Engineer: 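Sharing a structure, written as structure tokens. Questions coming.
Residue numbers start from 1 in every chain, and the chains themselves are labelled A, B, ... in the order their sequence lines are given, proteins ahead of strands. Bear in mind the structure is a predicted one, so any value in this text is a computation, not a measurement.
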There are 2 protein chains.
Amino acid sequence: MIAQHYKDMLGAKSVIRQISEWSTARGAEIGYENVFDYSLGNPSVPCPPQFTAACEDLLAHTDPVKLHGYTPTLTLPSARKAVAESLNRRFGMDYTADHIFMTTGAAGALAHAVRCVGVPGQNIVTFAPFFPEYKPYIEGAGLTLRVTPPRCADFQIDFEAFAQLVDENTAAVLINSPNNPSGTAYSEETLQQLADFLTATSTKYGHHIFLISDEPYREISFGGRVTPYPAKFYDDTLTCYSFSKSLSVPGERIGYVAAKPRCEDAAYIVPMCGQISRGTGHNCPSSLIQMAVERCLDMTSDLSVYETNMNLIYDELIALGFTVVKPDGTFYIFPKALEDDAKAFCQKALKYDLALVPGDSFGCPGYFRMAYCIETEKVRRSFAALEKFVAEEYGVTKH
Amino acid sequence: MIAQHYKDMLGAKSVIRQISEWSTARGAEIGYENVFDYSLGNPSVPCPPQFTAACEDLLAHTDPVKLHGYTPTLTLPSARKAVAESLNRRFGMDYTADHIFMTTGAAGALAHAVRCVGVPGQNIVTFAPFFPEYKPYIEGAGLTLRVTPPRCADFQIDFEAFAQLVDENTAAVLINSPNNPSGTAYSEETLQQLADFLTATSTKYGHHIFLISDEPYREISFGGRVTPYPAKFYDDTLTCYSFSKSLSVPGERIGYVAAKPRCEDAAYIVPMCGQISRGTGHNCPSSLIQMAVERCLDMTSDLSVYETNMNLIYDELIALGFTVVKPDGTFYIFPKALEDDAKAFCQKALKYDLALVPGDSFGCPGYFRMAYCIETEKVRRSFAALEKFVAEEYGVTKH
């Protein structure tokens, strides 16, 4: 008999997807080049040529029985070792292969991390604005997601509001830095304060509260800065990563969980991931892709277009008088809408062929997201539409 | 805090894995070529050259942003369409792309199928001998696995024993034909009788009892026969497939769920799979691999070695007086041990560098599995060891 629970989920269509579908339909009418589609967070740059070369070389020179054979339950040892060494080199950590578990992207990493440190009935606390898929990810493991209201002035943490949501049933705290949708990264001060709070609260409740750090945008960091690495600050940290954005290979579904060597039961985390996989049907990412990323750990696509676009859009928004926090990374920006109802704001923008996403589904009403992983030329062309939109609808003109 | 449930699972080591690890260790001592390792079901033949060519061509001629980009939530439309057409051509079915959902191998397919048609607290009935991973797969979805005792004379279904296990809480029946570990396929008569039983029982309990058909070995079929296709016989069938064995690409984790167009709520199954993925962290198989298999649907590796090996081993076992059902396919054979305790039997075999797996973990004590996905030359060489083993330990000599 059909499982009603999943059938019922079909009714609720994602707002992002609806707007994206509108863009596609509108593009069919007037040419997609004339739709200013800021709806979807899809990388717009190609993978580095070294990734393609790694795949080609593996296909040409590796015994196919080995290349396409089962990787061990705990995933490919050489890839796990290479990831550990790369993280150690870049962030001064002390991971070994035993702390790394390769996953099908960040979604797979989060599915394992949540099940490692939480049991059904517990809660996980995150911070608005947040990636809406966190809800099904957490609920799919039988836990509840609690959302700390946003601190809109800078999108750092409102510790007072946060503290009220943490209780004896809190399994973990889930952060995303740099953040989708705001583009802001947590400062070292924020991360230190969070670590101090979690240490004190773990002692108070008599169990380790884990930090799950979702970092798919870590390598898209602006102004030449390195995004502070959360696991540096707190021992009980599981880092969830995806190569989707750094290597522009989202369809290949490749990432990892990294357990900090000083976290609770560090030696068990990866073997437990192997057990969790059995219950969810995960069973390792593609062997070819594991081998290919192993060769590309310290490189990225040319990600500079995202910073170029961010600076153009940020300056334009400021010139138009928008309230907006300057992103530290990602390919998102999250300004305040020009009316309280961001859904109405984004609906009106569609008349000007501007596809913007209201902040409501990110837990932050009154704001909207622009995903600027598009051509810079199109960003420039979109400004006339944006100016016409805010002038006609809100009487706003450029300073 | 560490999830105790998964930590506890670490204690129980798979017997197959233990024996496989013994083989590897013994191989390091005496040379792996001298260990007759019948423990693991890993394809031993390379993928067809067309699969490698498809990957190479895609890498050389497809825009990398498209090639490695996100596939839609319901997986790649062109691959889904191609799978539907291939099944229609080969088995006279009437699938469309809407009935196919690409998954990360059979494990991913089963994870979706089980969650589509069962809810926590229900049970799923399978048949011994059975693939031991069914237990964590089913329990991971919150359901209970019930195992029908084996009908050892021919490894078809003991309908009397089976009927006693089906009740109002039965969500589905899970079959695996051709079967791991027995190598036998269900006959058309068995499948028709099963369909009739499920139709009557669904009516009796007032809900559709689904048939989940796990078919990773479908293409390894001996004697030029086509393995009967279970979905032909029963409308409420979800077919779970993996290309691991047919294309020898187990590490690529690629397969599908196919919902029969006349099953309950057929139009909802694939969209529901998309929702299920969110909760388990599945999120589509590799885009490159989806595109590559799309081009290789009607071909297989050269699988003839498995039939060659089967015939050699079957004849040898018969000559030694073993009780054994001749396999219809797969790369397994499942003879009766020469003493009641198959674990003791397999333990003694190790002294002769023969790695055999006792049937206990397959729900069939007293039998043992040989996975003959190894070189034919090694199969031939193993017979001296086998003959020495049964002569010295059981006083058995060749007829």
Side-chain angles (χ1 to χ4, degrees), chain A residues 1-3 5-7 9-10 42-47 52 55-56 59 64-65 68-71 104-105 107-108 110-112 115-119 133 136-137 139-141 171 207-208 248-253 264-265 268 271-272 275-276 278-289, chain B residues 1-3 5-7 9-10 42-47 52 55-56 59 64-65 68-71 104-105 107-108 110-112 115-119 133 136-137 139-141 171 207-208 248-253 264-265 268 271-272 275-276 278-289:
Chain A
M1 189 165 59
I2 291 296
H5 168 69
Y6 292 111
K7 195 174 166 188
M9 286 173 77
L10 297 177
N42 273 354
S44 60
V45 296
C47 61
T52 305
C55 291
E56 288 174 337
L59 286 161
V65 172
H68 304 298
Y70 284 117
T71 55
T104 53
L110 286 164
H112 285 82
R115 286 165 177 81
C116 268
V117 299
V119 294
E133 286 298 293
Y137 290 179
E139 291 177 353
H207 73 264
H208 295 248
S248 283
V249 292
E252 300 306 341
R253 314 299 315 147
E264 184 193 16
D265 281 340
Y268 295 109
M272 283 170 65
Q275 296 299 324
I276 290 165
R278 301 166 81 193
T280 60
H282 177 271
N283 290 60
C284 300
S286 151
S287 50
L288 167 65
I289 301 298
Chain B
M1 189 164 61
I2 292 295
H5 168 70
Y6 291 111
K7 195 173 165 188
M9 286 172 79
L10 297 177
N42 274 351
S44 60
V45 295
C47 60
T52 305
C55 290
E56 288 173 338
L59 286 161
V65 172
H68 304 299
Y70 284 116
T71 54
T104 52
L110 286 165
H112 286 83
R115 286 165 178 81
C116 268
V117 299
V119 295
E133 286 298 294
Y137 291 178
E139 291 177 354
H207 73 263
H208 295 248
S248 282
V249 292
E252 301 306 341
R253 312 301 313 149
E264 184 194 15
D265 281 339
Y268 294 110
M272 284 170 66
Q275 297 299 323
I276 291 165
R278 300 166 80 192
T280 60
H282 178 271
N283 291 62
C284 301
S286 152
S287 49
L288 167 65
I289 300 298

Engineer: Under a 4.5 Å heavy-atom cutoff, which of B:I2, B:T280, B:V65 has the most pairs with chain A?
Structural biologist: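 With the most close heavy-atom pairs to chain A, the winner is B:I2.
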Engineer: Looking only at heavy atoms and a cut-off of under 4.5 Å, which of B:E139, B:H207, B:M272 has the most pairs with chain A?
Structural biologist: B:M272
Engineer: With respect to chain B, which residue among A:P136, A:G140, A:P271 yields the maximal number of heavy-atom pairs within a distance under 4.5 Å?
Structural biologist: A:P136
Engineer: Check whether A:R253 gets within reach of chain B through its side chain, its backbone, both or neither, counting any heavy atom under 4.5 Å.
Structural biologist: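 Contact with chain B is through the side chain of A:R253 alone.
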Engineer: Give the minimum heavy-atom separation between A:M1 and B:E264, together with the two atoms involved.
Structural biologist: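 Reported closest heavy-atom pair: CA-OE1, 3.5 Å.
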Engineer: Picking from B:T71, B:I276, B:I289, B:V45, which has the most non-hydrogen pairs under 4.5 angstrom with chain A?
Structural biologist: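 The option with the most such pairs is B:I276.
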Engineer: Tell me, side chain or backbone of A:L110 under 4.5 Å from chain B's heavy atoms, or both, or neither?
Structural biologist: neither
Engineer: Got a sec, which residues hit salt bridge (charged side-chain N to carboxylate O under 4.0 Å, His left out) with B:E56, two or more places apart in sequence or on another chain?
Structural biologist: none
Engineer: So for A:C55, is it side chain, backbone, both, or neither that comes closer than 4.5 Å to the heavy atoms of chain B?
Structural biologist: both
Engineer: B:G281, B:G279, B:G251: which one forms the most heavy-atom pairs within less than 4.5 Å of chain A?
Structural biologist: B:G251
Engineer: Please name the pair of heavy atoms, one in B:V117 and one in B:A171, separated by the smallest distance, quoted to 0.1 Å.
Structural biologist: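 For B:V117 versus B:A171, the nearest heavy atoms are O-CB, 3.4 Å.
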Engineer: Specify which of B:H5, B:R115, B:K7 makes the most heavy-atom pairs with chain A at under 4.5 Å.
Structural biologist: B:K7
Engineer: Quick check on A:V119 against chain B: is it the side chain, the backbone, both or neither that has a heavy atom closer than 4.5 Å?
Structural biologist: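 Just its side chain gets close to chain B.
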Engineer: Below 4.5 Å, heavy-atom pairs only: which of A:G69, A:P64, A:G118, A:A111 has the largest tally toward chain B?
Structural biologist: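 Heavy-atom pair counts peak at A:G69.
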Engineer: Are side-chain heavy atoms of A:Y268 and B:L10 found at a separation under 4.5 Å?
Structural biologist: yes
Engineer: Could you pull out the closest heavy-atom pair between B:L59 and A:T52, with the gap in Å?
Structural biologist: O-CG2, 3.9 Å
Engineer: Quick one: does B:H282's side chain have a donor or acceptor within less than 3.5 Å of a partner on B:T104's backbone?
Structural biologist: yes
Engineer: With a 3.5 Å cut-off and no angle check, do the side chains of A:S286 and A:E252 form a donor-acceptor pair?
Structural biologist: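 No pair is found: no donor N or O on one side chain lies under 3.5 Å from an acceptor on the other.
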Engineer: Taking the side chain from A:H112 and the backbone from A:G108, do they hold a donor-acceptor pair closer than 3.5 Å?
Structural biologist: yes
